[in-house]
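Right, one structure below, let's go through it.
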Amino acid sequence: MIARRRVLLSLLAAASAGAMRAFAQTDSMLRVGAISAGPAMTAESPLGKILLGALAGLGYAPGRNLAYDARGALANVQTLPSLIEELKRNGPPILVAFGYPSAAAAKAAGVPTVVFAGAGDPVETGLVDSWAHPGGVITGISDVAAALTVKRLELLRALSPQMKRVAMLWNTDDRAMTLRYQASAATAQMQGLVVQPHGVREPDDFNGAFAAMDRDNPDAILMVADALTSLNRKRVFDYAAARRLPAIYESDSFAHDGGLMSYGADPRESLTRAASMVDRIFRGARPGDIPFEQPTRYLFVFNLKTARAMGVEPPLTLLGLADDVIE
């Protein structure tokens, strides 16, 4: 009887030790869930590789002390809450969000979140209380549309000095991007330009926007980036190229994919800083106590191959401004 009792106690002790070891491993594991209103930021995607590289620089390795998973809504933003629930199934993660709808869904779910791009003005959209003291569960990085529009219009004018009318494309269902469009349009109008607004809500709406531009020809296009416009970017590239319209986009990925030119935050810098915020939250900081930041590095990318296919030869002064010229 005593021997059996000793065996039972020994088994219970071993089981307890095993549970404690398992708990310790879980407790030391950084769980990161990437959530996007567009494509998923998988470990193999360009943005996923940048994020994981930045986390590796902070000492986090997948399979050792980092669990990473990603979900993307592919512009079907109604699915974001369920995608976030999927990310939570294996344990509470810290989310890295791309785009305002993703950040808003994360806030509604009460999950600690770092947004690195596409959030618009986080105070105006109600994501945070203030830039310096966000409050709640959201922090991150975002830029100011009005200031960037000045530069984008300057670059368009360098290519098309007689520009008077600018067509602007944006997703009217994205609150942050609607505010971004409004700020961009106000900036353009202050510079004496006529803004032709072309809001879209679904893929078929692009046909209507193109037809409207055919009826009232713009001199250039500025597209506000979100999941919907990004997923339909090649249609905009083709339309602009066929009509030899200068067009500028908000991210370097657009120019690398065939768009004429882009000016926007360097995603590598933004994701590196986002990874640092994730690390701080994992170590005990509250997202609401981490100030929301703005990017400090912006890239101008010019696709010379696209320009020449359009029959456009850019001035050397414009090419000289580019951080990257694609040939």
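From a predicted model like this one, the values you see are computed outputs, not experimental measurements.
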With clusters defined by side-chain heavy atoms of hydrophobic residues (ILVMFWY) lying less than 4.5 Å apart, directly or transitively, does [Y] cluster with [X]?
| X | Y | result |
| --- | --- | --- |
| Tyr181 | Leu156 | yes |
| Leu87 | Leu66 | no |
| Val111 | Ile94 | no |
| Val114 | Leu55 | yes |
| Leu155 | Val195 | yes |

Stepwise, does the side-chain contact (heavy atoms from CB on, under 4.5 Å) test hold for Leu169 with Val200? CA-CA 7 Å; Leu169 278 163; Val200 292; 4.3 Å; yes
Would you say the side chain of [Y] lies within less than 4.5 Å of the side chain of [X], judging by non-hydrogen atoms?
| X | Y | value |
| --- | --- | --- |
| Pro197 | Trp170 | yes |
| Leu159 | Met261 | yes |
| Pro62 | Tyr68 | no |
| Ile221 | Ile248 | no |
| Val278 | Val96 | yes |
| Phe98 | Ile35 | no |
| Arg71 | Ser36 | no |
| Ile290 | Pro134 | no |

Residue [X] excluded, over 12 heavy atoms near [atom1] under 6.0 Å:
| X | atom1 | answer |
| --- | --- | --- |
| Arg64 | CZ | yes |
| Arg157 | CZ | yes |
| Arg268 | CZ | no |
| Asn90 | CG | no |

Quick check: Tyr263 with Tyr249 (ring centres under 6.0 Å apart)? no
Do the side chains of [X] and [Y] get close enough for a salt bridge, i.e. N-O under 4.0 angstrom?
| X | Y | value |
| --- | --- | --- |
| Asp238 | Arg235 | no |
| Lys234 | Asp257 | no |
| Arg175 | Glu124 | no |
| Glu85 | Arg89 | no |

Result block: side-chain N/O donor-acceptor pairs under 3.5 angstrom for residues 308-327, not counting sequence neighbours:
from, atom 1, to, atom 2, distance (Å)
Asp323, OD2, Phe300, N, 2.8
Asp324, OD2, His256, NE2, 3.3

Under 3.5 Å: donor-acceptor pair, side chain of Thr306, backbone of Gly258: yes
Which residue in the set Asp143, Asp226, Asp121, Thr125 passes side chain to side chain donor-acceptor pair (under 3.5 Å) when paired with Arg180? Asp143
Any chance the side chains of Ser184 and Thr149 put a donor and an acceptor closer than 3.5 Å? yes
What distance separates Thr187 OG1 from Leu148 CG, expressed to the nearest 0.5 Å? 9.5 Å
How far apart are the closest heavy atoms of [X] and [Y], and which atoms are they?
| X | Y | answer |
| --- | --- | --- |
| Pro267 | Leu47 | CB-CD2, 4.0 Å |
| Leu51 | Ala275 | CD1-CB, 4.2 Å |
| Ser270 | Ile141 | O-CD1, 3.2 Å |
| Gly110 | Val137 | O-CG1, 3.9 Å |
| Leu222 | Arg152 | CD1-CB, 4.2 Å |
| Val128 | Ile138 | CG1-O, 3.7 Å |

For residues 37-60, pull every pair meeting ring-ring contact (aromatic ring centres under 6.0 Å, His included), keeping only residues two or more places apart or in separate chains. Tyr60-Phe282
Salt bridge (charged side-chain N to carboxylate O under 4.0 Å, His left out) assessment of Glu44 paired with Lys49: CA-CA 6 Å; Glu44 296 76 30; Lys49 287 179 180 178; over 6 Å; no
Under 3.5 Å, side-chain donor or acceptor atoms of residues 161-168 against the rest of the protein: list the pairs with distances, not counting sequence neighbours.
from, atom 1, to, atom 2, distance (Å)
Arg165, NE, Asn217, O, 2.8
Arg165, NH2, Asn217, O, 2.9
Arg165, NH2, Asp219, OD1, 3.4

Checking side-chain contact (heavy atoms from CB on, under 4.5 Å) for the pair Arg243/Asp214: CA distance, chi angles, key distance, verdict? CA-CA 9 Å; Arg243 287 152 185 81; Asp214 283 339; 2.8 Å; yes
